[in-house]
Structure formats: structure tokens, C-alpha cells
Amino acid sequence: MFTGFRTFDIATDDDVHVHGRIGGSGPPLLLLHGHPQTHAIWHHLAEPLARHYTVVTTDLRGYGDSAKPAGEPDHANYSKRVMAADQVAVMRELGFSRFSLCGHDRGGRVGHRLAMDHPETLERLMLLDIAPTLAMYEQTDRTFATAYFHWFFLIQPAPLPETLIEASPEDYVTRTMGGRHASLDAFDPAAIAEYQRCLAQPGAAHALCEDYRAAATIDLEHDRADRDTGRRIACPLRVLWGQHGVIERCFDPLAEWRHVAERVDGEALPCGHYLPEEAPETLLAQITDFFPHDQPGDTP
């Protein structure tokens, strides 16, 4: 995994370190992961993309080998606003004032907020298998709540969900990921082992819960403020989702993103939720089509 990449740990503006890798050459492209994973989700794509781009992939605050500060009473230090600021600080430290971003799941929500709060930094944005957080909460029904039960489990007051996850973080990873369309067969055992290792770290379960607690509280306040003031994503946005996933079943992702962004295209891919691991070749083609690149390279 990640041959030719170097690792880094960068302190953000509030002294929380972010762990990640960088490799390749060409225009900067930031890749952000989802739950309950780490930057290892990009293990199929990082090296091919490095032929075209300078690829930066990080562990979000609270995930992987990044810092896991204790949550604040209002969960603000796990808001997508703060997590987006982390990523801007990382890219600035690496020398990139403007870049493109592809985010899956939680990383997509960070990308959404980054596009709203730091529009001057983004060339283009790709979001994988999400609808806007506010739309998803406002349209919650039994089908969605059953499929995404973890959205409502993880936001329960501490330490209930933390205690249950910490009893078997390995099982939480395999049951959460293996219970979807593709089952565990779609995942490299080495990647699963990495997700399990990271979730077993002290503070990791708490950080994961704080991410979701923020999403159900302060993040919604920020999203409502955007809606009330008419602020929208200005850069080109491509939205991709799994045709066998919950987003396809419960939402109209293109319509929802067109409520909050000015220029949107996208489509469903033949997979479930975990696009980077279930459909890496198809996603690679989408990325290289959407994000301009200077390097001719050879797509495998």
C-alpha cells in the first residue's frame, strides 16, 4: 500500500496533529475517508492517482493515527467546520493554497463544509455516497433509520456507545462494514486490520462518537445558517453514489446537492457504499475525468 508515499504528522491551528501521506506529482488532490475507516480506504487508488496528481490523504481528526482530543460539551471541536479547518491547515503546510478534494462518507461531509467555509481553496469537489447532512436528518424515515442505525446509536450521551464499541472494536468494524451490500468480501484483509487497529486506540471510540454528535447538533446549525443566508457551494461538484446503497434507496442525491451547490453532476456507480474499495477502477476513471491533471500517465 502507498508505495512511493511519505508519511507526515502536521499540527493544525489548535495544535491537533493530523496524520497522512503524500506522493506523486501534478495538481494537488486531497482524499478524505469515511467511517469507521482511515486513509487506508484509498489503497487501491493512491498509486495510480499519483501518476496524475500530488496525492494527499489524511486521517480525519479523531480517526486513524490523527489526534483524538476529548469532546467539548457542545461537540464543537468535532464539528465539520473544525475538521475542515484541519485539512486547510495541512494543505497550507504542505504548500498548497488551492487544491481539489474527493471525500467519502464523513470525509465528504468535511469536504462540504470546507467548500462553504473556504471557497477560495477549492478548485473542484467530488463527494462519494452522501446526501447533505441536513437533508438526511430532515428526511429520516424508518427505512433510513434502520439502515443507518449507527447515526442514532453513536450520538447517545457518553459513555454508552463508547463502552459498547470499546468492548470489541474489531467486531464493530467487521459488523458495520460487512453488514452492507458487498459484505466483507470486498475488502482487503490488511485494510480491515488497519481499521481495527486504529479503532482500538485509546480515545478512538469517543472521537468517532463525537464526530456524529457534532453532526446531529452544531453541524446542523451551520448548515441551516448557510440555507438561511443562501450560501452555496461555488466550485464544480461531482456526486457519485452506490446504486446498491442507502443513498440510492432513500434520497435523490443530485436533487439534494443542487439545493446547496451551483454546478452539480454525477451518477450512481455499480457498487454499494464503499466506492473506493468496491469499485476502484470505475472511481479512478471518474476522478481522472473530473479533476484536471497535467501528467499524461497511464491508467491501469
Side-chain angles (χ1 to χ4, degrees), residues 5-23 28-42 46 54-72 74-123 125-128 130 133 154 195 198-199 201-223 226 233 235:
F5 282 65
R6 68 173 176 86
T7 60
F8 60 78
D9 288 274
I10 292 175
T12 66
D13 293 340
D14 59 355
D15 293 324
V16 169
H17 82 269
V18 172
H19 179 77
R21 298 177 189 260
I22 181 170
L29 174 61
L30 175 62
L31 305 176
L32 299 179
H33 67 86
H35 154 277
Q37 300 164 291
T38 73
H39 76 274
I41 73 164
W42 304 106
T54 300
V55 175
V56 178
T57 181
T58 66
D59 293 334
L60 297 172
R61 169 187 296 237
Y63 290 83
D65 289 311
S66 290
K68 301 165 181 64
E72 296 171 350
D74 64 354
H75 318 297
N77 62 330
Y78 282 90
S79 68
K80 303 310 153 295
R81 173 158 289 162
V82 169
M83 295 171 84
D86 286 345
Q87 302 304 317
V88 172
V90 166
M91 295 302 280
R92 184 174 62 237
E93 181 67 20
L94 293 172
F96 305 118
S97 59
R98 282 184 66 82
F99 52 91
S100 292
L101 190 158
C102 178
H104 173 252
D105 189 73
R106 311 311 291 176
R109 302 190 192 285
V110 174
H112 176 191
R113 179 47 50 194
L114 195 153
M116 300 302 297
D117 289 359
H118 307 275
E120 73 285 353
T121 67
L122 272 192
E123 297 279 358
L125 176 63
M126 179 179 286
L127 302 177
L128 305 181
I130 62 170
T133 306
L154 296 172
Y195 308 146
C198 290
L199 188 55
Q201 293 177 2
H206 174 67
L208 185 152
C209 294
E210 285 297 296
D211 170 18
Y212 280 80
R213 290 171 182 138
T217 54
I218 192 168
D219 289 346
L220 297 182
E221 295 176 16
H222 297 157
D223 290 347
D226 291 336
I233 295 172
C235 69

Residues Tyr78, Ile218; criterion side chain to side chain contact (heavy atoms under 4.5 Å, CB included); working and verdict | CA-CA 9 Å; Tyr78 282 90; Ile218 192 168; over 6 Å; no
Would a 4.5 Å heavy-atom cut-off, applied to side chains only, mark [X] and [Y] as touching?
X	Y	answer
Leu122	Phe99	yes
Leu60	Gln87	yes
Thr217	Asp74	no
Leu154	Arg213	no
Ile233	Met116	yes

Atom pair [atom1]/[atom2] of [X] and [Y] - distance to nearest 0.5 Å:
X	Y	atom1	atom2	answer
Asp105	His35	CG	NE2	7.5 Å
Cys102	Leu127	SG	CG	8.0 Å
Tyr212	Arg109	OH	CZ	8.0 Å
Thr7	Ile22	OG1	CD1	11.5 Å
Thr121	Leu30	OG1	CG	9.5 Å
Thr54	Leu29	OG1	CG	9.5 Å

Sequence-distant partners of Asp211, side chain to side chain donor-acceptor pair (under 3.5 Å), two or more places apart = Tyr63, Lys80, Arg106
Side chain to side chain donor-acceptor pair (under 3.5 Å) partners for Asn77, two or more places apart = none
If every non-hydrogen atom of [X] is compared with every non-hydrogen atom of [Y], which pair is closest and at what distance?
X	Y	value
Ser100	Glu123	OG-CB, 3.4 Å
His33	Trp42	N-NE1, 3.9 Å
Glu72	Glu210	O-OE1, 3.9 Å
Cys198	Gly64	SG-CA, 3.6 Å
Thr133	Asp223	CB-OD2, 3.9 Å
Ala115	Leu125	CB-CD2, 3.9 Å

Determine yes or no for a side-chain-to-main-chain donor-acceptor pair under 3.5 angstrom, with [X] supplying the side chain and [Y] the backbone.
X	Y	value
Ser66	His19	yes
His17	Asp65	yes
Arg61	Val18	no
Asp59	Thr38	no

side-chain contact (heavy atoms from CB on, under 4.5 Å), paired with Thr12, selected from Val88, Asp86, Val82 | Asp86
Does the side chain of Arg113 pick up a donor-acceptor pair with the side chain of His222 at under 3.5 Å?
-> no
